[in-house]
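Order of listing sets the numbers, starting from 1, for every ligand and every atom in it.
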Amino acid sequence: MSKVPPTIKGVRGAPDILPAEVGRWQRVETEARRILESFGYEEIRTPVFERTELFVRGIGEGTDIVQKEMYTFTDKGGESLTLRPEATAAVVRAAHEHSLLSEGRPLKVYYIGSMFRHERPQAGRFRQFHQIGVEAMGVEGPTVDAEMLALLLHLFTKWGLPDLELRLNSIGDPVCRPSYVERLTTFLHSRKAKLCSDCQGRLDRNPLRVLDCKAPGCRAVTANAPKSVESLCRPCADHFQRLRELLDALEVTYELDPRLVRGLDYYTRTTFELVNPALGAQNAVAGGGRYDGLAQEITGTAVPGIGFAIGLERVVASLAAKGEDQASLGDRPHEGVFVATLGPEPDRHGFLLAQRLRRAGVRTGLDLTGTGNRSLRSQLRQADKERFRYCLILGEDELKKGEATLKDMEGGGQEAIPLDRVVDHLTRVEPGEPRR
Ligand code: HAM
């Protein structure tokens, strides 16, 4: 007896998105594209892998992403490549490489795609996940920060999620941050024994990261830690103050969160996250901030920038948690026609008729067994399942008379239609743009 090979399963943390769920994803993405373009953003598509060095220098050697989470491999040419854990560094690289930044005009781009991080999978946390990201480069003042936050909230409002929590902080710049980090390190060192073992290790490597540790002991310590906003230099403090005034003018509500330092080293000044408390442990649905030093780090040319990325799995989960009806979120309405055939000759005829209907732009389905042997009942059931509005029934007798029966699956009525009028008739009852 030959041995049956074991079934091949998908990779842990890389879920399939099945046809029944895709409607919700498509609605979210389509709405996002429309809004982003109305805010003046153009789409950019960078590769899913980059040279490893881009992420090491861009995201930061000491970050969890670079230390533990990257999918890095050596390709056949001996080069170290990494599946992108995020796309900001890649966008900055591409902007420089293709001279997309012109004097006086900011670069405003967005992307939609999959990212890869070798994290411990759990609800809302995956190894392959999807982001919609937005980046604006070349503008320094706080106006673009305010526009970015307004855009982020607008997207969620349009998706039907208007009540999420915006958290905001400023972590300063290379002028003021070193003295803040020194104050923080002194504070944390004096309480080292109370920190978790991870944070004890982070203390000297990356003390800012201790602030966003979720361990209860660390949270108790950091609740009273010095705040970065209290150590800002004059220009950083002015930037933050002006941003807050703009947000007030826009009537944007937010909460100041002194522990919001984010997990990537490239941030300067403004940092923010959007949180959905209904989601449980992984409740940040979006995060971002200003990265004025990133371009210098990876291209040698200084260009300010700000952006955010939204976790699409978490958006879709938020819609589901809200009990959004899947049907209202992009499920196809009943439309088009299913060609049901009874007998071999009608089946041949029906096949050609279906192609003509499709060429005319009518959504058309048909029985693909190619025999004409299936019962009408089972074909009608298929038509209903596949959400067709009409069923065009073609039997031997009808064919002889040169007609077909058109059954309205919703209204219940039916009528005989001459075969040479079927395409014309259905393009009239099913008006609209030809579907591709
Ligand atoms: P991030 O905070 O690492 O930032 O990711 C942004 C969002 O992606 C998170 O808030 C979360 O919703 C989602 N996300 C991250 N990791 C996972 C995961 N393992 N599974 C599911 N969802 C996840 C960035 O990536 C920055 N590049 C954002 C940015 C753009 N900053 C400036 N410009």
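Within the 4.0 Å heavy-atom shell around ligand 1 one finds Gly124. Taking a 4.0 Å cut-off on heavy atoms, Arg314 registers as neighbouring ligand 1. The closest approach between any non-hydrogen atom of Arg262 and ligand 1 is below 4.0 Å. At least one heavy atom of Ala286 sits less than 4.0 Å from an atom of ligand 1.
Taking atom 20 (N) of ligand 1 as the reference point, the nearest protein heavy-atom neighbour is Phe126 N, 3.0 Å. When hydrogens are left out, the protein atom nearest atom 7 (C) of ligand 1 is Ala309 O, 3.6 Å; that is the closest non-hydrogen contact. Among all protein heavy atoms, the one lying closest to atom 31 (N) of ligand 1 is Tyr267 OH, 2.6 Å. Nearest protein heavy-atom contact of atom 13 (C) of ligand 1 is Gly311 CA, 3.6 Å. With hydrogens left out, the protein atom closest to atom 8 (O) of ligand 1 is Gln131 NE2, 3.1 Å, a heavy atom. Closest protein heavy atom to atom 19 (N) of ligand 1: Glu119 OE2, 2.6 Å. Looking from atom 9 (C) of ligand 1 to the surrounding protein, the closest heavy atom is Ala284 O, 4.0 Å. Looking at atom 18 (C) of ligand 1, its nearest protein heavy atom turns out to be Phe129 CD2, 3.4 Å.
With respect to Glu273 and Arg167, no salt bridge is recorded, no charged nitrogen being found less than 4.0 Å from a carboxylate O. Classification of Arg244 and Asp248 as a salt-bridged pair fails, no side-chain N sitting under 4.0 Å from a carboxylate O.
For the pair Arg125 (side chain) and Arg120 (backbone), a donor-acceptor distance under 3.5 Å is present. No donor-acceptor distance shorter than 3.5 angstrom exists from the side chain of Gln282 to the backbone of Ala123, with no hydrogens or angles considered. Thr222 places no side-chain N or O within donor-acceptor distance of the main-chain N or O of Ala225, the cut-off being under 3.5 Å. Side chain of Asp16 to main chain of Leu18: no donor-acceptor pair is present (N/O by atom type, distance under 3.5 Å, no hydrogens or angles). When atom types are taken as modelled, the side chain of Arg202 and the backbone of Cys213 share no donor-acceptor pair closer than 3.5 angstrom. A donor-acceptor pair is defined here as one N or O able to donate and one able to accept, closer than 3.5 Å; no such pair exists between the side chain of Thr30 and the backbone of Arg27. Of the possible polar contacts, one joining the Gln379 side chain to the Thr341 backbone as a donor-acceptor pair under 3.5 Å is found.
Under a 4.0 Å criterion applied to the non-hydrogen atoms of Glu135, ligand 1 contributes the atoms 30 (C), 32 (C), 33 (N). Close contacts of ligand 1 with Tyr291, meaning ligand atoms under 4.0 Å from a residue heavy atom, involve 32 (C), 33 (N). Within the listing of ligand 1, atoms 10 (O), 12 (O) sit less than 4.0 angstrom from a heavy atom of Val285. Listed by atom number, the atoms of ligand 1 under 4.0 Å from Gly288 heavy atoms are 31 (N). Below 4.0 Å from some heavy atom of Glu86 lie the following atoms of ligand 1, by number and element: 25 (O), 26 (C), 27 (N).
The shortest N/O to N/O separation between Tyr266 and ligand 1 falls below 3.5 Å. Residue-to-ligand polar distances keep Glu313 apart from ligand 1: every N/O pair is separated by 3.5 Å or more. Remark: ligand 1 and Tyr111 share no N or O pair separated by less than 3.5 Å (distance only, no angle test).
Relative to the six-membered ring of Phe240, Arg269 misses at least one condition, a distance below 6.0 Å or an angle of at most 45° to the axis. Taking the ring axis of Phe187 as reference, the NZ or CZ atom of Arg183 does not stay both within 45° of it and closer than 6.0 Å to the ring centre.
When Gly287, Pro121, Pro85, Ala136 are ranked by how near their heavy atoms come to atom 28 (C) of ligand 1, first place goes to Gly287.
The aromatic rings of Phe272 and Phe308 stand perpendicular to each other, their planes meeting at an angle above 60°, with 30° marking the opposite boundary.
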List the steps, then state whether side-chain hydrogen bond (donor to acceptor under 3.5 Å, both in side chains) holds for Tyr180 with Glu230.
CA-CA 9 Å; Tyr180 170 63; Glu230 290 161 358; over 6 Å; no
